Amino acid sequence: MLIRHHEYDVVVTAVASVGSAVLADGREGFIDQAKHPSWWSDTPRAAAGDRMRAVVLDATRTPPRLSALPSDIRIARSLRHTEPLERLCPPGVRVVPWGYVEGAGHVLYWLVRPGVEPEEWTVILNEGRGPLWEATPVSCSRFVLDVVAGTSSSYYFADVDEMVDPEDRNRFRSHAQILDRTS
């Protein structure tokens, strides 16, 4: 079975006007024409026998749907880190990805808790390269406004002249601390 958000080396087995049938790890899949780079650029159209890298978008469909677009592959790479974090969350608590910082690899999430209104969801950031998370107890819209206005208290988005000392580790916490699972 193909796994959602995982990447595979695929081989095109057949091409139709709507997309391409592919084999990924010996399993059948399908890449819609809009999910192949040729739809968006001067890349040659897919042909039987072509090999490419693709990511599973929907493993529940028959055949599973994949994408060979670089942007979908980047997004899937960041989402693969969400699933283990969700398994660590207490029941009801949910982590929802909503932003990706191109080039830096940072992923922004909402920490959704039962009984908490969306405007009160905490914004959390994972730098994508380490085990620590930064929590900012503001709404998404306030967080984005602060970043754009240059008034963000986030270490990763602070004005360079006013940047917080990276040794000030009290603003960075483990996932367990963010989820209030430590005493």
Side-chain angles (χ1 to χ4, degrees), residues 1-112 118 121-134 139-141 143-144 147-148 154 156-157 175 178-179:
M1 182 168 148
L2 299 178
I3 302 170
R4 181 177 65 133
H5 301 147
H6 283 250
E7 295 175 57
Y8 297 91
D9 290 316
V10 302
V11 177
V12 176
T13 58
V15 178
S17 60
V18 294
S20 304
V22 298
L23 279 180
D25 272 0
R27 294 175 178 87
E28 293 181 356
F30 185 79
I31 298 176
D32 183 276
Q33 67 179 356
K35 294 297 183 178
H36 186 273
S38 63
W39 182 260
W40 304 101
S41 68
D42 293 334
T43 303
R45 292 180 51 144
D50 283 355
R51 295 179 180 277
M52 66 188 81
R53 194 78 173 156
V55 66
V56 177
L57 299 178
D58 187 350
T60 64
R61 293 184 61 185
T62 305
R65 298 305 195 260
L66 292 93
S67 173
L69 295 177
S71 58
D72 286 342
I73 292 171
R74 280 193 307 274
I75 290 167
R77 286 177 181 160
S78 68
L79 291 175
R80 277 197 303 266
H81 301 291
T82 304
E83 291 161 352
L85 181 61
E86 286 177 345
R87 286 192 297 271
L88 295 171
C89 291
V93 174
R94 191 141 189 252
V95 177
V96 179
W98 63 267
Y100 176 75
V101 181
E102 188 72 35
H106 309 324
V107 182
L108 294 155
Y109 303 88
W110 280 313
L111 181 59
V112 180
W121 292 348
T122 297
V123 173
I124 58 175
L125 177 143
N126 178 259
E127 66 179 347
R129 295 183 201 98
L132 297 179
W133 296 72
E134 180 183 56
S139 68
C140 173
S141 57
F143 183 87
V144 171
V147 168
V148 173
S154 168
Y156 297 99
F157 294 99
H175 71 278
I178 286 178
L179 298 175

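Just so it is clear, the structure is predicted and the values come from calculations on it, not from any experiment.
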Worked verdict on Leu111 versus Val95 for side chain to side chain contact (heavy atoms under 4.5 Å, CB included): CA-CA 5 Å; Leu111 181 59; Val95 177; 4.1 Å; yes
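- Here side chain to side chain donor-acceptor pair (under 3.5 Å) pairs that include residues 7-24, with residues two or more places apart or in two chains, are Glu7-Arg53, Glu7-Arg77, Glu7-Arg80, Asp9-Arg53.
- Here the straight-line distance linking atom CD1 of Ile3 with atom CZ of Arg27 works out to 8.5 Å at 0.5 Å rounding.
- We find the NE2-CG distance between His106 and Leu108 to be 8.5 Å, quoted to the nearest 0.5 Å.
- Atom CZ in Phe30 sits 10.5 Å away from atom CG in Leu66 (nearest 0.5 Å).
- Across all non-hydrogen atoms, the minimal contact from Ala46 to Val12 is CB-CG2, 4.3 Å.
- Residue pairs meeting the side chain to side chain donor-acceptor pair (under 3.5 Å) criterion with at least one partner in residues 42-51, sequence neighbours excluded, are Ser41-Thr43.
- For Trp110, the ring-ring contact (aromatic ring centres under 6.0 Å, His included) test picks out Trp98, Trp121, with sequence neighbours left out.
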Side chain to side chain contact (heavy atoms under 4.5 Å, CB included) assessment of Asn126 paired with Tyr109: CA-CA 8 Å; Asn126 178 259; Tyr109 303 88; 4.2 Å; yes
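- In this structure a side-chain-to-backbone donor-acceptor pair under 3.5 Å is present from Arg65 to Pro63.
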Test log, rule side chain to side chain contact (heavy atoms under 4.5 Å, CB included), inputs Leu23 and Glu28: CA-CA 5 Å; Leu23 279 180; Glu28 293 181 356; 4.1 Å; yes
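- Here the CG atom belonging to Leu125 is positioned 6.0 Å from the CZ atom belonging to Phe143, to the nearest 0.5 angstrom.
- The side-chain heavy atoms of Ile31 and Met52, taken from C-beta on, include a pair separated by under 4.5 Å.
- In terms of heavy atoms, His36 sits closest to Pro44 at CE1-O, 3.5 Å.
- A heavy-atom distance below 4.5 Å is found between the side chains of Val55 and Leu57.
- Put simply, the side chain of Val18 does not reach to within 4.5 Å of the side chain of Gln33, judged on heavy atoms.
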